[in-house]
Every structure is written in structure tokens, then in C-alpha cells.
Trainee: 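Here it is: the structure, laid out below.
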Amino acid sequence: MRAERYAFAEAEPKWQKIWDENQVFAAGGAAGKPKYYVLEMFPYPSGRIHMGHVRNYAMGDVIARYMRAKGHDVLHPMGWDAFGLPAENAAMGSKTHPADWTFANIAAMRAQLQSMGLSLDWSREIATCDPAYYKHQQKLFLDFLRAGLVDRKQSRVNWDPVDQTVLANEQVIDGRGWRSGALIEQRELTQWFLRITKYSDDLLNGLDQLDRWPEKVRLMQRNWIGRSEGVSVRFQLAAPAEGALPADAARDIEVFTTRADTLFGAKFIALSPDHPLARQLAERNLALAAFAQECRHGGAAAAEIETAEKKGFDTGLEVVHPFDPDWRLPVYVANFILMEYGTGAIFGCPAHDQRDLDFSRRYGLGATPVVCPDGVDPLSLVVEDAAFEGEGRLINSRFLDGLTVAEAKEDVARRLEHTELAGRPQGERKINYKLRDWGISRQRYWGCPIPIIHCEACGPVPVPDGDLPVELPADVEFGQPGNPLDRHPAWKHVACPKCGGAARRETDTMDTFVDSSWYYARFADPHNPDAPASRATLDRWLPVDQYIGGVEHAILHLLYARFFARAMRDTGHGGVAEPFAGLFTQGMVVHETYRSPSGDWVAPADVRFEPGETGRRALLRADGTEVAIGPIEKMSKSKRNTVDPDEIIGSYGADTARLFVLSDSPPDRDVIWSEEGVQGAWRFVQRLWRLAGELGNIAAPAGAAPPATFKDAALELRKATHRAIASVSENIERLRFNSAIARIREFANELTAALGDVEAPDADADLAFAFREAADALIRLIAPMTPHVAEECWSDLGHAGLVATAAWPQVDAMLVAREMISLPVQVNGKKRGEIVVAHDAGEEAVRAEALKQDGVLRAMEGKPVKKFILVPKRIVNVVV
RNA sequence: GCGGACGUGGCGAAACUGGUAGACGCAAGGGACUUAAAAUCCCUCGGGCUCAUCCCCAUGCGGGUUCGAUUCCCGCCGUCCGCACCA
């Protein structure tokens, strides 16, 4: 006897155990099947999963289960992005060792993920903080070093003198450290870099092949790489005032420009405050030094800088125009010039660059138009508030007059290449990239040690391969500023591997983005002691067929992983250049916010609702105080609008939670978490179970042979079934999980209606077969989303095996095609009727039928037909 | 400032390459069952006119292309996201 209700609390652990015992989700079992690799971005082990994880992993699981049912050997692994700052912060706060804290968190989160019933191959689990993992990362680093892909150079960082640490731009607020409040210093540190710029063009061109990536992400990467073609031009300094510059200062200023055509519109030169010449000048000019200092204190973020006022400092120096020895341009130091891009210096052409125009207006430097748009009289051309950045022909430019922009660029480049200045060509064509090398040095404990030993005599020496991994020492102390590795003499002081002399280890560890740049490859062969992964396993599994994660990783993580794939290939480790063939970026889980009268954030669990005069009112559960309903925002601890997946799974079950995060919103858009929505998902899970029971009562036995013929009722039911299979399959393949679920619900509605039409329990054999087919299809269609209840129903329907290993239902194309179709009939583009005709009815038949309709005749008002449009199987339009 | 995306009922949304706008769900209202409640089931549900049908209006706003536009083009308005002044 079946219970009244589906008891998820017993069923879910039961099926999880059965899946586990039967190794249903182990990859690599079936050599004959095509492979499919589905990967979700692995989590940082913060200690608890959040709803974003639930959504991310539910989506990946639908794909994994669907592909398995479609006959693929599916790799669907899970691991932990386990290095990072929170572990060190926790160590300082609670005196737990980062390793203990991390592994405890991993255990807790693993249990949570397992309670979701994800079809993961847990035998491949990895953690990046495991020496067995980072050993290979250190080897990769050394291989990259040997291949010339590693560099060591100075770079400027934000140094917090109190915390003795380096801060990101966003951690510097008004020139002070976010935690210590100390004034931040700009410091030059020697750091390790991965030479990602060696692959600039390759990374850019590779984007064209990634046709299963969102266009948005490809565009972001393109802009980030930022290839631009231009000319590098040297401007000779006019004799400077006595004593303004040291004797060894450069005698010219090199600028990079993509608009060499506008050289005759130049009005000034602007240098970055960090330009070498600006620094030399500042040493002898206190006012300039103060100005440069002020520039460095402003916000470092682009949006801040771009909305900030453009400011400059006139150095008093002048340069000579390259095409006119008598033409002088003033040299400014300006706050909007970045040392990191190009040469850290520009020439300003106010008429054709908005920023230059803004700057020129402020300092009265003028603006001469040199490009005239086609069809405009050059004499009428006046530069007002908007610079003209478009195409046209050159004017006011001597020998360039009349040329197009492209021709003028070419002409200028050629002339400058053939002009000598101080023994070199004055200009040369250059391709510039925004992309900069990837600095990976971090002054932290909880990261992968950089396997280098510094020797006074030999310089930086790689740790011999046989000595890898360089393991982090366990006995470290936190609570003091600075890096614990730096204070660990026994670990730090070692003999030089080359000369045997006294030496010290590199105490910087790697950026955690390094850890996540190759983990997808490790999953192919996660326990290999000798290599990141064997050639054979990489050949088998790469690339990842479908990668799923947050759009916040659209640039850095994905670009770094693409770089690693190339670097691994080029250092003989194998694999493919593009690690992720398909990419999907999912939306966030968001929730309403609530605030008490005192302004404190209130958690959703503490709020109840009742209808009010203007919609809902929210009241505090504890004492009924009204709380304000705020905007819907990303779930965050600070706003207390989080919902704990554990609690949801505990009270509704994993299937309900999974169903909810997949329903309603398209997966790339945000989904609003609501209690009502969860209830709706819960109701459907229950309804599904009841429906399966009712269908089981009337259906033919599992595996029954089809009868020879089907009467109308059975035929209609079969058609509904096969149409549902076709559209659910299509929606899953398009990753439209919300539409797939809507279609399944519609199918469930159709089945409920069909059941209602059956009068006797001993239905005809053809109908019994149709119900069996429908029930089996329904359960298999929903199984990727709600796998536990699906197993329960599958078993109740009399199947011996697991739905997790059942094949996806096959569509019978004959049943999907419709013989009679209904066609809307429009008159002058407005719907006035509907006709039912054979799907292959000819135009004459359709026309005759359409012109018989009352509504159509009425709308035609007796006018003759001017045009008759028939879009086969779509619509009819009568134009009168 | 630059770049990108998005604006459809009370709400989340659907509508594949231009072809019946609002599937599916949430909320709401009404009803059945019940001693009552929960659960479940049935009905209504964009706006206007209407008993109802017909009809009219409606996919942010204003134009355009088309037999036909939520979909394509131009111009506005609004919201969200990313950013390193891209020289």
C-alpha cells in the first residue's frame, strides 16, 4: 500500500546510498561510449554552501544526467578551491590552523552537496591545498620557467605598513588600508610573473572559435586583451631650462598613438605622473612632486578616474613637432595618463579625442580640427563640446590634406619610419595590448609555495624536480603582521641546490587563480602521482564540453585557464588549447531585503507576511513589529537576506530545492528566491508522485508489447507524450531549464486530464499501453531535475533498474507530426479567425476554407482580396 | 566617461530564423470536499466595452521597414552589469 504522501526524508538518503553503492556516476566505465565532460566552477570551501551553489550544481547535474541517459560516458567531478585568505583570517581570529579550518569546511560542504543528490564522481575529488595537487603545480611553474614563460620583475603595489601586506585597489579606501586604516605606500616589489602576454594574439584569435561561449564573455575578453595597431613616435625635447633635468635624462619622449593621422592637430604632450621623465622633473620641482603625489592618492578604479576631473601640471618643457622644427608643444603631467599602458605618454589632439578636448579646454590649449566628415564644409567646421572621433578626410594638415584617415595613418607611419632622430627612426609601427603579464606572487602563507631558492651566489635557483613538492610547514604562527613563512627560519633557510651554500626559500606563494587554472585537467586523472594528468586521460576527456559558473569569472579566471592550457600544451604536458568548448554563465539567486524600524537588517526566516492596504506587509515573527520591505538584492550575509540550503533541503527535500532554482527564471538571469515559489515546487514534487501512482494503477505492465492498433484516445495520449519528449529534450539541450520544466508541467496537466477521461479502471489494452508509455516518459523527463522522487516513482511503476541508468525516451517522429493543423487567419495583419486544415493542404484548399469564416468575411467588409499570403503551417493573411 | 545587456499582466516568465502575445508557475478571487482546518480538486484572472459574443487598446516612449514587428532599423527614456581614461 502506497503512503499518503511522498516521504522525501526517507527516500532521498535511500536513493543516494543506492547510487553510491552501485557506482552509478563513476566516469570512464564504458569505453565504447562517446565522452561528455560537464564541469561547474569548483567552490571555495567557506564552510557552507549557499543558494548560488545549489543553482550552479543543479544545472550541471541536469546536463550530466541528461547526457548519461543519452548514452554518453559522463565526467562530472567535484573539488575544492582550497587556498585563500579567509583561512588565514580564520586562523588569526579563532586560532585554528588554516589546514584544519579548510578540511573541516570541506567535510561540511561535501556532506551538503551529497544531500543534494548530485550525480558526481566523488572518487575524483581534489583539493588544491593538497600537496599531491600542488606538487604538479610547482612542476608546471618550473616547466614554464624553463620555457621562458616566467618572468621576475619589479612592480608597484599598494603596501599597508601596519598589516605588512599588499592590498588590491579596492581594499584601498581614500588612500588608507581597509582593515588597518594606515596610509598606503606605493612600493616596488620584485615579483614573479607568468608571461601571458606571449599569447596575446593567440588568446584573442582563439575566441573566434568558441562559438558555444556567450558573446558577452568573448567581447569582454577581447576588450581586456585590447589589441590596437598604431605608431610609436618620438618627440624631441626642445632645449630645457637649465637645471630642470639631470644630465642623463632622455632627450625625447616616446608616445604610442592609434591616431597618427591627427598629428597636425596636436596641442600638447601629457605624461603619466609615474613616467621616468616626470619623476626626474619632480625631483627638482616640489610643486610637481606634490601634484604627482595627489594623483596617486585618487581612486585607482577606472570609473572613479574617468568621472574625476582631468588635471595637469605644466612642466615648462617643450617638444618639437616631428614634421615642423619650428613648432613647439607644451609638456604636461596629467592625472589621466596610465604608466601601465603604451609608453605612459601621449600627444593630445583635442579636436578628435574627447579626453584631450576636456583637458585642452581646462588649460586653454586650443583645438584645431584636422579630420572633416564627408559632406561637411571644412570652413564651417568648429570644435565645440564634442570631439569628432569618426571617419573623414584630412584638413589643416599640409601634405596629408585630402587623404582619408586610413591613408593618412599610413603616410605618417611611412614618413616617420624614414626620418632619423638620434640615430634611430623617429617612429615605428607597433601593435599594443592592454593585457599585462600576470603577477602571481602573494605575500601569504595559505597558498602554493613558489618552488625557488634564492642564493647570494647563484641567484634564484629552481627547486630540483625530485624535491617537489615544496610543502608548507605546519608549525606556523598567525596574529602578527606579515607572512608567517618569512618568520619560519627552519623552513626558510636551506642550502642552495646548485652550490650548496647558504640560501633561502622564496617565501611568496602563488595567486589562487593559478590553482584554478588547471584543475579541469587534473580531474581527468586526479590521482596521478607523476604528472598533472596522463596524455591518454587528457586526450580522452578534454576539452570540457560544458562549463558552468558565475559571470564574475568572465575575464580573469577564464583567461588564465586558457593561458594555462596553451602553456601546458607547449611545455609537453598535452591537452588542448581551449579548455572549455562550451561556457554558460548563470544568474544569481536574489532575495527581498527587510529592515527593522531601527534600520537593522532582518533575516527572511524572522519575517511573516500578511495582506496590507497597499500589498503585502512584513512583520517580525517575534513581536509583530512591522519591518520595511526593501529592494531585491543578491543574497549576502551583510544584508541578512540569505536562505540556507540546508534548511530548505531539511524541510522540503533536495528535489524541491533543485526544482525551484531551475524553474521560473531563465538560467542566465537572476532568480528571485521566495517562500511561495518553494511551496509551488514542493506541490509539484508531491503531485508528480501521486500522478505516477495513479498512472501505475491503469498502465500496462512495464515492458508490455504495444498493441497492433491504437484508437483515438490512446493515439492522442501517445502524441502528447512524444511531443513532450521532443520539446523537453530540445529545451534541455538549449539549457532552457525553466522552459523544460514548464513543458513537463504541461505534460503532467495533460496526463491528469487524460486520467479524468478514463471511466473504468480496466481500460483498453491500447490505452493501458499509452499510459505506460506516458508514465515512463514523464519520470525519465523529470529525473535530471528531481532525481530522488523520480527513482521512487520509477520503482513504483514496476521497473527493476534505476532511472539514473535508464535511457532517455525516444521520440517517434510520426507521432510528433500533426495531420490536422489549426491556422490563424488574419485580415490585414489582424487575427479574425482560425481554420483547421490538413498539414499538407494546398493554397487553394486553405484559401477556400479561410474565406468561409464569419469573422474573416466581416473584417473584409466585402472588399476584394488584393493579396493572399500563406505561410505553410504558420498563418494565413488576407490583404484587402 | 567607455563597453555590454535588458524593459512583455499584480509578480517570475513564454513566444526557436518576423507569423495566433501572455505557455508554465506564483499571487489573488470564487466554488467543491470536510464538523472544521490542512491537503487536494474545479473555475476566473492584461485593460476597456459588454450578461455574453463582437469589437477596441496593449510587449518602456516616438518614428520607420513589412501583408504582418515583442522580434529588424533609427531616435529617445529607464534599469542593471563590467571597466584598466585602451591614447
Side-chain angles (χ1 to χ4, degrees), chain A residues 4-5 169 214-217 219-220 222-228 230 255-259 262 270 300-308 310 334-338 340-349 353-356 358-359 432-436 551-552 554-555 611 615-616 660 663-666 668-672 674-681 683-684 686-687 690 727 730-731 734 736 738-749 752 756 822-834 854-855 858-859 866-871 873-880:
Chain A
E4 289 274 307
R5 278 183 163 213
N169 282 336
E215 187 51 46
K216 172 175 74 168
V217 174
L219 187 70
M220 281 196 249
R222 248 177 230 124
N223 290 341
W224 190 262
I225 294 167
R227 181 183 198 274
S228 58
V255 308
F256 173 75
T257 179
T258 57
R259 292 301 303 271
T262 64
E304 268 179 276
I305 295 169
E306 282 177 58
T307 44
K310 293 181 177 40
N335 65 349
F336 64 96
I337 309 298
L338 294 180
E340 286 77 17
Y341 188 77
T343 60
I346 62 150
F347 81 80
C349 176
D353 184 291
Q354 192 60 46
R355 287 156 306 154
D356 295 348
D358 295 344
F359 188 80
N432 212 14
Y433 298 90
K434 283 193 303 178
L435 186 67
R436 303 204 273 270
V551 73
E552 66 271 22
I555 298 177
R616 291 181 316 149
F660 176 74
S663 309
D664 286 357
S665 290
D668 51 350
R669 238 186 268 181
D670 292 349
V671 64
I672 302 173
S674 72
E675 189 62 25
E676 295 81 8
V678 180
Q679 304 261 1
R683 278 197 295 269
F684 186 67
Q686 292 294 341
R687 184 179 160 211
R690 281 196 311 274
S727 66
E730 193 203 323
N731 277 314
R734 288 170 59 212
R736 303 287 301 205
N738 57 325
S739 297
I741 290 168
R743 197 61 190 76
I744 291 170
R745 298 183 98 124
E746 209 176 338
F747 182 40
N749 292 347
T752 304
S822 74
L823 278 184
V825 182
Q826 296 180 331
V827 177
N828 289 340
K830 281 205 167 122
K831 188 193 164 195
R832 300 296 177 185
E834 196 164 288
D854 281 351
R858 196 164 41 236
K866 204 156 113 194
K867 199 168 172 186
F868 186 85
I869 296 157
L870 169 64
V871 182
K873 296 181 189 184
R874 285 283 192 194
I875 206 164
V876 172
N877 194 7
V878 183
V879 185
V880 297

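Note: hydrogens, waters and symmetry copies are ignored here, and every other heavy atom, side chains too, is used. Letters A, B, ... mirror the listed sequences (proteins, then strands); counts begin at 1.
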Trainee: Between B/G68 and B/G82, how far apart are the P atoms? Round to whole Å, please.
Mentor: 42 Å
Trainee: Could you check which of B/C24, B/U40, B/G68 has an atom nearest any side-chain atom of A/Asn749?
Mentor: B/C24
Trainee: By the definition side chain to side chain contact (heavy atoms under 4.5 Å, CB included), identify the one residue from A/Ser663, A/Pro666, A/Ser665 that meets it with A/Val671.
Mentor: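 Of the listed residues A/Ser663, A/Pro666, A/Ser665, the side chain to side chain contact (heavy atoms under 4.5 Å, CB included) partner of A/Val671 is A/Ser665.
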Trainee: Could you please name the partner base of B/U65, counting Watson-Crick and G-U wobble pairs only when both distances are under 3.5 Å?
Mentor: none
Trainee: Using the closest heavy atom to pick a nucleotide of RNA chain B for each, name whichever of A/Ile869 or A/Thr343 lands nearer the 5' end.
Mentor: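 Comparing both residues, the 5'-ward one is A/Ile869.
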Trainee: Separation of A/Met220 atom CE from B/G3 atom C1', in whole Å?
Mentor: 10 Å
Trainee: At under 4.0 Å between heavy atoms, what does A/Gly677 touch on the DNA or RNA strands: base, sugar-phosphate, or nothing?
Mentor: nothing
Trainee: What's the gap between B/G19 and B/A69 when it is taken at their C1' atoms, as a whole Å value?
Mentor: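 Comparing C1' positions in B/G19 and B/A69 gives a spacing of 10 Å.
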Trainee: Going through the checks in order, is the side-chain hydrogen bond (donor to acceptor under 3.5 Å, both in side chains) test met by A/Ser739 and A/Arg734?
Mentor: CA-CA 10 Å; A/Ser739 297; A/Arg734 288 170 59 212; over 6 Å; no
Trainee: Side-chain N or O of A/Arg736 less than 4.0 angstrom from OP1 or OP2 on B/A15?
Mentor: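 Indeed, a polar side-chain atom of A/Arg736 lies that close.
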Trainee: Under 4.0 Å, heavy atoms only, any strand: does A/Ile337 hit a base, just the sugar-phosphate, or nothing?
Mentor: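 Result for A/Ile337 = base.
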Trainee: Looking only at atom types and distance, does a side-chain atom of A/Asn432 sit under 3.5 Å from a main-chain N or O of A/Ser228, one as donor and one as acceptor?
Mentor: no
Trainee: Could you tell me the Watson-Crick or G-U partner of B/G29, where both distances fall under 3.5 Å? Say none if there is no partner.
Mentor: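 Its partner is B/C43.
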Trainee: Quick one: closest heavy-atom pair of A/Ile337 and A/Ala270, and the distance?
Mentor: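 Where A/Ile337 meets A/Ala270 most closely, the heavy atoms are CG1-CB, 3.9 Å.
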Trainee: Return the pairing partner of B/U71 with a 3.5 Å limit on both distances, Watson-Crick or G-U wobble; otherwise return none.
Mentor: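 Its partner: none found.
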Trainee: So what does A/Ile225 touch, heavy atoms closer than 4.0 Å: a base, only the sugar-phosphate, or nothing?
Mentor: nothing
Trainee: For the pair made of CZ in A/Phe256 and C1' in B/C85, what is the distance, rounded to whole Å?
Mentor: 15 Å
Trainee: Counting only side-chain heavy atoms from C-beta out, which of B/C26, B/G25, B/A13 sits nearest to A/Glu676?
Mentor: B/C26
Trainee: Show, in sequence, the C-alpha distance, side-chain angles and deciding distance for A/Thr752 and A/Arg687, and conclude whether the side chain to side chain contact (heavy atoms under 4.5 Å, CB included) test is met.
Mentor: CA-CA 10 Å; A/Thr752 304; A/Arg687 184 179 160 211; 3.1 Å; yes
Trainee: Could you work out which one of B/A39, B/G12, B/C24 sits closest to the side chain of A/Ala742?
Mentor: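 So the side chain of A/Ala742 is nearest to B/C24.
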Trainee: Can you check the A/Phe747 CZ to B/G25 C1' distance for me, whole Å?
Mentor: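 Going from CZ in A/Phe747 over to C1' in B/G25 covers 19 Å.
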Trainee: Just the rounded figure in Å: distance from P of B/G12 to CD1 of A/Ile741.
Mentor: 18 Å
Trainee: Quote, to the nearest angstrom, the C1' distance that separates B/A21 from B/U70.
Mentor: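 The same atom, C1', in both gives a distance of 8 Å.
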Trainee: I'd like the P distance from B/U53 over to B/C45, given in whole Å.
Mentor: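 The answer is 10 Å between these two P atoms.
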Trainee: Please report the distance, rounded to the nearest Å, between CG in A/Leu870 and P in B/G68.
Mentor: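 After rounding, the reported distance stands at 17 Å.
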Trainee: Please check the phosphate of B/C26 (OP1 and OP2 only) for any side-chain N or O of A/Arg683 closer than 4.0 Å.
Mentor: yes
Trainee: Report yes if a side-chain nitrogen or oxygen of A/Arg669 is closer than 4.0 Å to either non-bridging phosphate oxygen (OP1 or OP2) of B/U79; otherwise report no.
Mentor: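 So the side chain of A/Arg669 is outside the cut-off, no N or O lying under 4.0 Å from OP1 or OP2 of B/U79.
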Trainee: Take atom CG of A/Asn828 and atom P of B/G68, then tell me their distance rounded to the nearest Å.
Mentor: 8 Å
Trainee: Does OP1 or OP2 of B/U40 have a side-chain N or O of A/Arg687 closer than 4.0 Å?
Mentor: no
Trainee: Choose from B/C54, B/G3, B/A39 the nucleotide whose nearest atom is closest to any side-chain atom of A/Arg858.
Mentor: B/C54
Trainee: Answer whether the closest heavy-atom distance between the side chains of A/Asp353 and A/Phe347 falls below 4.5 Å.
Mentor: no
Trainee: Heavy atoms, side chains only, cut-off 4.5 Å: are A/Asp664 and A/Asn738 in contact?
Mentor: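 Contact flag for A/Asp664/A/Asn738 side chains = no.
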Trainee: Using a 90° cut-off around 0 for syn, call B/G9 syn or anti.
Mentor: syn
Trainee: Quick check on B/G4: is either OP1 or OP2 less than 4.0 Å from any side-chain nitrogen or oxygen of A/Lys216?
Mentor: no
Trainee: Picking from B/C24, B/G12, B/C67, which would you name as closest to the side chain of A/Ser665?
Mentor: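 Out of B/C24, B/G12, B/C67, the nucleotide with an atom closest to A/Ser665's side chain is B/G12.
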Trainee: What is the distance from CZ of A/Arg259 to C1' of B/A87, rounded to the nearest Å?
Mentor: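 Going from CZ in A/Arg259 over to C1' in B/A87 covers 11 Å.
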Trainee: For A/Arg745 and for A/Pro666, locate the closest nucleotide of RNA chain B by heavy-atom distance; then report the residue assigned to the nucleotide nearer the 5' terminus.
Mentor: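 This one resolves to A/Pro666.
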Trainee: When all nucleic acid strands are considered with a 4.0 Å heavy-atom cut-off, which category describes A/Asp353: base, sugar-phosphate, or nothing?
Mentor: nothing
Trainee: Is the phosphate of B/A87 approached by A/Thr258 (side-chain N or O, under 4.0 Å from OP1 or OP2)?
Mentor: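 Indeed, a polar side-chain atom of A/Thr258 lies that close.
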Trainee: Using purine N1 to pyrimidine N3 plus N6-O4 or O6-N4 for Watson-Crick, or N1-O2 and O6-N3 for G-U wobble, each under 3.5 Å, what pairs with B/G1?
Mentor: B/C83
Trainee: Should we say atom CZ of A/Arg874 is surrounded by more than 12 heavy atoms from elsewhere, each under 6.0 Å from it?
Mentor: no
Trainee: In terms of side-chain heavy atoms of A/Asp664, which of B/G19, B/G12, B/A87 is nearest?
Mentor: B/G12
Trainee: Just how far, in rounded Å, is C1' of B/C80 from CD1 of A/Ile672?
Mentor: 13 Å
Trainee: Could you check which nucleotide pairs with B/C54 in any of the strands shown, counting Watson-Crick or G-U wobble with both distances under 3.5 Å?
Mentor: none
Trainee: If you check every side-chain atom of A/Arg832, which of B/G4, B/C55, B/A39 has the closest atom?
Mentor: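 My answer, after comparing the listed nucleotides, is B/C55.
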Trainee: Across all strands shown, which nucleotide pairs with B/C24 by Watson-Crick or G-U wobble geometry, both distances under 3.5 Å?
Mentor: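 Checking every strand shown, B/C24 finds its partner in B/G12, with both distances under 3.5 Å.
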Trainee: Which one, B/C24, B/G7, B/U20, comes nearest to the side chain of A/Gln826?
Mentor: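 Side chain of A/Gln826 sits closest to B/U20.
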Trainee: Say you pick atom P in B/A27 and the same atom in B/C11; how far apart are they, in whole Å?
Mentor: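 Pairwise P distance, B/A27 against B/C11, rounds to 15 Å.
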Trainee: Among the nucleotides B/A21, B/G19, B/G12, which one has an atom lying closest to any side-chain atom of A/Lys831?
Mentor: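 Comparing B/A21, B/G19, B/G12 against the side chain of A/Lys831, the answer is B/A21.
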Trainee: With rounding to whole Å, what would you report as the distance between B/C41 and B/C54 at their C1' atoms?
Mentor: 34 Å
Trainee: With a 4.5 Å cut-off on side-chain heavy atoms, are A/Ile875 and A/Leu823 touching?
Mentor: no
Trainee: When rounded to the nearest Å, what value does the distance between P atoms of B/A38 and B/G46 take?
Mentor: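 These two P atoms come out 26 Å apart once rounded.
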Trainee: Side-chain N or O of A/Asn738 less than 4.0 angstrom from OP1 or OP2 on B/G12?
Mentor: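 No, no such contact exists.
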Trainee: Measuring only the P atom in each nucleotide, how far is B/U59 from B/U71? A whole number of Å is fine.
Mentor: 9 Å
Trainee: Taking 4.0 Å as the cut-off, does a side-chain nitrogen or oxygen of A/Ser663 come that near to OP1 or OP2 on B/C24?
Mentor: no
